[in-house]
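See structure below.
The analysis underlying the following values was restricted to heavy atoms, covering all of them including side chains, and did not include hydrogens, waters or symmetry mates.
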Amino acid sequence: MPGLLEPLRRFLARRTDPATAEDALADTLLVCWRRLEDLPEDPLPWAYGVARNCLANAERSARRQQRVAAKISAVDPPAAATDGPEPPDTTVGEALSALRPNDAELLRLWAWEQLSPAEIATVLDITANAASIRLHRARGKLKDQLRKMGPVSGHEESREGRRP
């Protein structure tokens, strides 16, 4: 289990803010510790699935807290409210955010975590064939989305070796 810590930390850090990532990591490690006997031979994909569930729980909790805060602020508004800075978006980040959340998650598992379709299947609790098909479709949707957004700077098509 020692080899799980850093990959899980990176997995969560790519998906949420630092404080939520650390909380979800602690919950994930607790679940892994409690279910030590259930860990498969290659525990990382299984642990990613646990981390996804812990992160989903944290996000649901945050939404509940925001609803309560909104109700309280309607009754007793704060003196001054300021929004935090917007996180910088990259073209790929914008394209990912335009996709359905399930498609974006598939692509993140494939690209960021470098998981195979079989490992993605373990994380998402689906068959390897379904993961492979969904990944293929998600890559196509991302490609279409990037095409809609226009050319990406620095990635112009090469004309080398082509006749005019």
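Put simply, the side chain of Leu96 does not reach to within 4.5 Å of the side chain of Gln145, judged on heavy atoms. Residues Leu135 and Leu109 form no side-chain contact, since every pair of their non-hydrogen atoms from C-beta on lies 4.5 Å or further apart. Contact of the Asn102 side chain with the Leu106 side chain is not registered, since no non-hydrogen atoms from C-beta on lie closer than 4.5 Å. Side-chain contact between Arg14 and Arg108 is absent, with no heavy-atom pair separated by less than 4.5 Å.
To the nearest 0.5 angstrom, Leu25 atom CG is 5.5 Å from Leu5 atom CG.
Nearest approach of Ala118 to Ala128, heavy atoms of both residues: CA-CB, 4.0 Å. Scanning both residues, Cys54 and Ala24, for their nearest heavy atoms gives CB-O, 3.9 Å. Residues Ala138 and Leu99 approach most closely at O-CD1, 4.5 Å, considering heavy atoms. In this structure, Ala131 and Pro117 approach most closely via the heavy-atom pair CB-O, 3.3 Å.
Residues meeting the side chain to side chain contact (heavy atoms under 4.5 Å, CB included) test with Ala111, sequence neighbours left out: none. For Ala62, there are no side chain to side chain contact (heavy atoms under 4.5 Å, CB included) partners two or more places apart in sequence or in a different chain.
For residues 124-142, every residue pair satisfying the side-chain hydrogen bond (donor to acceptor under 3.5 Å, both in side chains) rule, not counting sequence neighbours, is listed here: Asp103-Lys141. Residue pairs satisfying the ring pair (Phe, Tyr, Trp, His ring centres under 6.0 Å) criterion with at least one member in residues 35-65, sequence neighbours excluded, are listed as follows: Phe11-Tyr48. For residues 15-31, the pairs satisfying side-chain hydrogen bond (donor to acceptor under 3.5 Å, both in side chains) are Arg9-Glu22, Arg15-Glu105, Arg15-Glu113, Asp17-Thr20, with sequence neighbours left out. For residues 31-50, the set of pairs meeting the salt bridge (charged side-chain N to carboxylate O under 4.0 Å, His left out) definition, not counting sequence neighbours, comprises Arg35-Asp38.
At a threshold of 4.5 Å between side-chain heavy atoms, the hydrophobic network of Ile, Leu, Val, Met, Phe, Trp and Tyr places Leu8 and Trp112 in one connected group. Under a hydrophobic clustering in which Ile, Leu, Val, Met, Phe, Trp and Tyr are joined whenever their side-chain heavy atoms come within less than 4.5 Å, directly or via other members, Leu30 and Leu36 fall into different clusters.
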